[in-house]
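All residue numbers in this chain count up from 1 along the given sequence. We count ligands from 1, going down the list as the structure has it; atoms in each ligand are counted the same way.
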Amino acid sequence: MSSTYGTNLKLTLFGESHGAGIGCVLDGFPAGFRPDFEAISSFMARRAPGSTPGSTARREADTPEIVSGIFDGRTTGSPITALIRNADHHSSDYADLAAIPRPGHADYALAVKTGGANDIRGGGHSSGRLTAGLCFAGGLAMQFLETRGVRISSRIVAIGGREVKGETDATGLDAAARETIEAARRDGDSVGGIVECTVEGLPAGFGDPMFDGVENRFAAIVFGIPAVKGVEFGSGFAGAALRGSQNNDPFYFDEAGEVRTRTNNHGGALGGITSGMPIVFRAAIKPTPSIAKPQQSVNLRTGEPCELVVKGRHDACIVPRARPVIEAAAAVAALDLLHAPATQTCFRQD
Ligand SMILES: Cc1cc2nc3c(=O)[nH]c(=O)nc-3n(C[C@H](O)[C@H](O)[C@H](O)COP(=O)(O)O)c2cc1C
């Protein structure tokens, strides 16, 4: 099993939800960069439990301890390791799950894969908590990208099948979305949603055709976020219903003489390569699998069907907390891409 992403900038996430700690190792980050750690903490706070309505009651300080790669406030160019110690966990809530897997969670598949050697407590290595390390790495990458004119933003497009179109709060929810989440929570249930992320300022010419394209690289890291079940770029699935004349993005020269497109149905990638237009993608996040309602499962020890009531503290909707994680993932993918050679020409003057 591997929890490493990237080619030029390599990110490894480590730890288990109820172990000693979680964190990340970021290898290949440029030397001499002075991170704003307060800004990284504020960014990580957007993902932390308790930051949004309907969010889990688990409390964690989530303060990253820098173990390596930063000296005198500057990156050294060697691997950056951030450790976030675990504190507020109730492992007894998970005692039954070794025998009775939660529908929709990773318990069953991981038990099969590891022969039962996985750490079941709090979802172990598959817990959403692991995304704190991703947010540290992404927060750092985002700051570096800003110095290169690359900006990342996101918005919540839908919650529980309803479009978010009213005035939104800091977490990206409007009043109707908050009510949808609250109604699910009251029912002992959960809802999912869709987040749209935009990466502006990436120059044209980065990425490769076929298997190492822009979409491939972004999708690989975004699908690494637990509960993401769909990723689409530009007009995505809706584009399949359009005609070519509607879906093609006409080219033009802007005031600076740069080639741009009038629309961005291609989502910033053509043939796996950046076009210079913003990369726009949407991620579908499923409803939180751990719900309070009784569910049908099986007892792997006795071989009997059974009813499961999941204990522990779980978000009725993880979408607002997943939103900064998606931005973080986009930042790591964008920086990995920027480190790669861009336009290659066959007309070299030696
Ligand atoms: C920020 C975040 C928090 C999450 N919190 C929970 C949670 O409290 N309870 C839960 O059952 N799943 C939670 N998840 C989702 C599960 O970890 C995920 O659904 C599970 O590992 C199965 O993976 P899959 O949905 O990608 O197939 C969370 C995910 C994220 C990104």
Query raised in the report: Do any nitrogen or oxygen atoms of R47 lie less than 3.5 angstrom from nitrogen or oxygen atoms of ligand 1?
Result: no

Requested in this report: May I ask whether P289 has any heavy atom positioned less than 4.0 angstrom from an atom of ligand 1?
Outcome: yes

Query raised in the report: Without hydrogens or angle criteria, can the side chains of H266 and S275 be said to hold a donor-acceptor pair below 3.5 Å?
Result: yes

Requested in this report: Identify whether the distance between the nearest side-chain nitrogen and carboxylate oxygen of D249 and R262 falls below 4.0 Å.
Outcome: no

Query raised in the report: Is the closest N or O pair between K229 and ligand 1 shorter than 3.5 Å?
Result: yes

Requested in this report: Identify, with sequence neighbours excluded, every residue that meets salt bridge (charged side-chain N to carboxylate O under 4.0 Å, His left out) alongside E65.
Outcome: R85

Report task. For D315, counting its heavy atoms only, list the atoms of ligand 1 lying under 4.0 Å from any of them. Result -> 8 (O)

Query raised in the report: S78 and side-chain hydrogen bond (donor to acceptor under 3.5 Å, both in side chains): which partner among T75, T76, T81?
Result: T76

Requested in this report: Could you verify whether a donor N or O on one side chain and an acceptor N or O on the other, from D174 and T168, lie under 3.5 Å apart?
Outcome: no

Query - Those atoms of ligand 1 less than 4.0 Å from some heavy atom in A227 - result: 15 (C), 18 (C), 19 (O), 24 (P), 25 (O), 26 (O)

Report summary line: Atoms of ligand 1 under 4.0 Å from any heavy atom of G128, numbered from 1 in the order shown, are 2 (C), 3 (C), 4 (C), 17 (O), 28 (C), 29 (C), 30 (C)

Query raised in the report: Does ligand 1 have a heavy atom under 4.0 Å from the side chain of R129, from its backbone, from both, or from neither?
Result: neither

Query raised in the report: Looking at ligand 1, does any of its N/O atoms fall within less than 3.5 Å of an N/O of R321?
Result: no

Requested in this report: Report, in ascending order of atom number, the atoms of ligand 1 lying under 4.0 Å from any heavy atom of I225.
Outcome: 31 (C)

Report task. Answer with side chain, backbone, both or neither: which part of T288 has a heavy atom less than 4.0 angstrom from an atom of ligand 1? Result -> side chain

Report task. Would you tell me whether H314 and S190 have side-chain atoms, one donor and one acceptor, within less than 3.5 Å of each other? Result -> no

Query - Side-chain H-bond candidate by donor/acceptor type, T12 with T4, under 3.5 Å - result: yes

Query raised in the report: Would you say H314 and ligand 1 have an N/O pair spaced under 3.5 Å apart?
Result: yes

